Protein chains: 2
Amino acid sequence: MGADKPKPARGRPRKMNAENVLDVAMTAYWQSDPADVSVNAICQMAGISKPSLYREFGSEDGLSRAVLDRYAEQVLSEIFVILQGGMRLRGTLDALIDFASDDPRMETGCLFYKMRAGKHRLGPETRVRVEEIDAAAQAAYVAFLQSCRDAGDWPDGLSVDAGAQYLGEQIALAITQRASGENPARIREMMALALSVFTRP
Amino acid sequence: MGADKPKPARGRPRKMNAENVLDVAMTAYWQSDPADVSVNAICQMAGISKPSLYREFGSEDGLSRAVLDRYAEQVLSEIFVILQGGMRLRGTLDALIDFASDDPRMETGCLFYKMRAGKHRLGPETRVRVEEIDAAAQAAYVAFLQSCRDAGDWPDGLSVDAGAQYLGEQIALAITQRASGENPARIREMMALALSVFTRP
DNA sequence: CCATTTTGTTACCAACTGGTAATTTATTCC
DNA sequence: GGAATAAATTACCAGTTGGTAACAAAATGG
């Protein structure tokens, strides 16, 4: 999908591996917080010079946007897979609980939620991308819950939209709590409690 | 409580009003985020010079700690009042929902929750204070729910500790969502849904 | 009037931020 | 063996950060 560099015929061969830089940046952003990792630090960790990075990504905003794209397709896709897995309400909720409260990848939180929480600190490109992903996630939650309502298991007096947003926010809350070192068993317990509103008589 | 300055007999009279500086800083921290407001900006807004501020508060950490103390007794106390108001479960939960989703003071979020969310960016004094307040709040939630369980209205299979933490996190979530401009009616709806787990048969 | 004490002000510090101009190095085409 | 081209490196830029040293101003005590 991304416009691949057609490897120019002439000129000094590139030492820098863009994918490696993205991996380094993603790990750093993910482990701490995008706002707490400078481009200088990323260059140092990736073993490249600043102008190299800027030639490849244009700006800090461009880099963080590229990182977010990578994160979306490598990690965030997992949530969409669960939602579109064709399971019934209960099974899907259980899978979401497992993912949020036990998947080792979420041990230091979710990069997307960290970016969303600090949205005002992001550059315009990245911020727009965050909002797009947020909207796509919301749409996926809506589609899932809609199918559940069509299948019959749905509590009275709750709009699909509100339920979808609620579901998304509870997942975000659980994962964010993991990033702050909260007891995983307790997080699971609270998340199960929060989502029990969907499966009560 | 605070060690009042005994007004020295000699020396140039002070122009700076420490309380005013605290108000200015609290408003700024509260409206945006402590991490996004520099001491330079506060000095400018308060119309004082940096050395004056540093003589009074010692460091940025000292200032933010003083601001947090002020915020706790001026604003956060409200939550403790609700919890210790002697109302039954349902009434107290409704009051908490009202406070979190409609009180105009929470329109730009809660300074305490903003500090807690960005704990790693705070100085040591302020961070310790945040943890103390967090523990005090948790204790208040526990005491309240314990009294409810003693009174009989309590769902089976839920520990008081877990319920208390759940309650606190749902309040934090609701208020944080207000800060990000979410539809207040929707926030209320979701919070009511989250807290309905306490009042279901 | 003068020394003392306390406050306020100006101007500065080193460290760091995102970002770049200038130059050197390595390659291919002719 | 040169041009031409593209990448890498070095050294820098202005702006901001938290924090301070040096000094001036305003009060009181003798």
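Proteins come first, then strands; the chains are lettered A, B, ... in the order of their sequence lines, and each starts at number 1. Keep in mind the model is a prediction, meaning the values are calculated, not measured.
At least one side-chain nitrogen or oxygen of B:Ser52 sits closer than 4.0 Å to the OP1 or OP2 atom of C:dG8. OP1 or OP2 of C:dG18 lies within a sub-4.0 Å distance of a side-chain N or O belonging to A:Asn40. Checking the phosphate oxygens (OP1, OP2) of C:dT17, a side-chain nitrogen or oxygen of A:Ser38 falls inside 4.0 Å.
With D:dA7, C:dT20, D:dT20 as the choices, the nucleotide that has an atom nearest any side-chain atom of A:Arg12 turns out to be D:dA7. Considering only the side chain of B:Pro13, D:dA26 comes nearest among C:dT27, D:dA26, D:dT9. Checking D:dG19, C:dT9, D:dT9 against the side-chain heavy atoms of B:Lys15 singles out C:dT9 as nearest. Side-chain proximity of B:Tyr54 to D:dA8, C:dG8, D:dG19: nearest is D:dG19. Taking every side-chain heavy atom of A:Arg55 into account, D:dA8 is the closest of D:dA8, C:dG19, D:dG18.
Residue B:Asp61 contributes atom CG, which lies 16 Å from atom C1' of D:dT17 at whole-angstrom precision. Taking atom CG of A:Leu63 as the reference point, atom P of C:dG19 lies 10 Å away to the nearest angstrom. Here the P atom of nucleotide D:dT28 and the CZ atom of B:Arg10 are 11 Å apart, to the nearest Å. Atom CD of B:Glu56 and atom P of C:dT7 are 9 Å apart (whole Å). Here the P atom of nucleotide D:dT5 and the CZ atom of A:Arg14 are 17 Å apart, to the nearest Å. In this structure, the CD1 atom of A:Ile42 is 12 Å from the C1' atom of C:dG18, given to the nearest Å. Between A:Leu53 atom CG and C:dT20 atom C1' there is a gap of 13 Å when expressed in whole angstrom units. Remark: P of C:dG18 and CD of A:Gln44 are 13 Å apart, rounded to the nearest angstrom.
Using a cut-off of 4.0 Å between Lys/Arg side-chain N and Asp/Glu carboxylate O, A:Lys119 and A:Glu131 are scored as salt-bridged. In this structure, A:Glu56 pairs ionically with A:Arg14, as a charged nitrogen and a carboxylate oxygen lie closer than 4.0 Å. Contact check on A:Asp61 versus A:Arg127 returns no salt bridge, with no Lys/Arg side-chain nitrogen under 4.0 Å from an Asp/Glu carboxylate oxygen.
Side-chain polar atoms of A:Thr199 and A:Ser196 form no donor-acceptor pair below 3.5 angstrom.
Nearest-nucleotide positions on DNA chain D for B:Ser59 and A:Lys50 put A:Lys50 closer to the 5' end. For A:Ala41 and B:Ser49, each mapped to the nucleotide of DNA chain C holding its nearest heavy atom, the one lying further toward the 5' end belongs to B:Ser49.
Within 6.0 Å of CD on A:Gln31 lie no more than 12 heavy atoms contributed by other residues, nucleotides or ligands.
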